[in-house]
Amino acid sequence: MIEELVRAAGAGDDAALEELIEIAAAEPARLAGHLSLLLDAGVLWPPTLYRGATGDVVGRIVDDVDAGQSPLRLNHLLLILAHSGDPRAEQALRRWQEQPPAGFDKLHVGALAYAHQAGWTVAPDGSRRELCAPSAYRLVMNEVPRPAGDPTCPWCASPLWTIADLDTDAPEVGDVLAHTGWAGRLRIVTCHLCACYTTLYCQVTTDGDAVWWTGNSRPDWAPATTEPADPPAVLPAVGPRRATPFEASAWHEGGSTLGGHPDWIQDAEHIDCPACRQPMDYLGLVGGADVDFGEGAYYLHLHAPCGVAAVNYQQS
């Protein structure tokens with residue numbers, strides 16, 4: 001069945017490609033043995049198809065990059081290697097960061113910049129740092145009353161939305177936040193309207209306090225005036241564990257997820273901490289389909305050492 005899907009995807013069948021993407025998210029091991037055929041078929045996008053790439057597949061791609069490629073193909077191959085968990089892929093990216101082969105001058109970024117697209121980075125001490133949790137849980141929307149007297153957005157005067165209220169005393173939360181180093185209660189507030197135009201940050205403490213970060217900068221393209229509006233009257237609660245870390249959906253109802261890897265609607269957009277410029281850890285997403293927005297998704301991030309959380313938004 002998978003071989004048929006691979007051949008169909010190579011021939012331009014979008015439905016077959018979508019089915020392969022679903023398999024790669026829900027059962028990545030099923031696809032691992034077919035990645036060489038997928039490469040032969042010229043299917044290089046999305047790179048998440050190749051999360052299970054090892055051995056000969058990784059070796060072929062490394063050889064292709066070393067031989068020099070067109071900018072478009074080179075871009076795809078580097079993304080595939082970044083998503084592969086094979087140590088040889090990481091070793092190659094590190095080597096090319098220092099010794100870029102032919103074609104890299106057309107990319108305008110170093111090889112390790114592709115790591116962010118796959119949810120990892122190189123820490124200041126040179127070690128690999130994962131930005132995403134290896135486990136994930138569904139977020140279930142619970143209706144809550146709109147409290148009176150809550151802080152409002154300094155830009156549009158809408159009440160700030162508590163988009164997350166978590167505590168690592170809960171085993172599921174402690175599991176998902178382990179990679180961040182956070183311990184205690186974590187509450188994240190944002191403006192559901194202004195977050196659609198720019199990343200919004202808040203300062204957080206382990207007792208659950210969350211305050212609008214005074215360094216938030218309103219972009220020029222944001223509306224000059226916006227009528228205040230109430231945020232969604234829901235608070236995400238941790239639900240059942242996902243089968244894999246790749247099952248979040250920014251598109252479908254029930255896709256909101258704590259932990260795991262993001263389902264980006266546009267290009268990957270992992271956020272840097274505004275205080276220290278180090279990449280923030282990814283926490284999860286709240287999909288528009290789960291809060292009656294129809295589309296779009298809010299992505300949550302945390303940098304525990306600086307006590308800063310962030311929310312950014314994407315839509316089609």
Could you pull out the closest heavy-atom pair between Arg60 and Ser36, with the gap in Å? NH1-OG, 3.0 Å
Would you please say whether a donor-acceptor pair under 3.5 Å links the side chains of Asp86 and Thr54? no
Check residues 1-20 and write down every donor-acceptor pair under 3.5 Å in which the side-chain atom is one partner and the other belongs to a residue at least two apart or another chain.
residue : atom : partner : partner atom : Å
Asp13   : OD1  : Ala15   : N            : 3.0
Asp13   : OD1  : Ala16   : N            : 3.1

Can you list every ring pair (Phe, Tyr, Trp, His ring centres under 6.0 Å) pair that touches residues 139-182, not counting sequence neighbours? Trp155-Trp212, Trp161-Tyr298
Between Glu295 and Ser316, do the side chains contain an N or O donor and an N or O acceptor separated by less than 3.5 Å? yes
List for me each residue that meets ring pair (Phe, Tyr, Trp, His ring centres under 6.0 Å) alongside His116, sequence neighbours excluded, and say none if there are none. none
Cut-off 3.5 Å, side chains only: do Thr257 and Arg138 have a donor facing an acceptor? no
Is any side-chain N of the basic residue among Arg185 and Asp169 closer than 4.0 Å to the acidic one's carboxylate O? no
Measure from NZ or CZ of Arg242 to the centre of the six-membered ring of Tyr137, then state whether that distance is under 6.0 Å and the direction lies within 45° of the axis. no
I want to know whether Trp264 and His270 have ring centres closer than 6.0 Å. yes
Could you label the plane-to-plane angle of the His301 and Tyr282 rings as parallel, tilted or perpendicular, counting under 30° as parallel and over 60° as perpendicular? perpendicular
Below 6.0 angstrom between ring centroids: does that apply to His261 and Phe246? yes
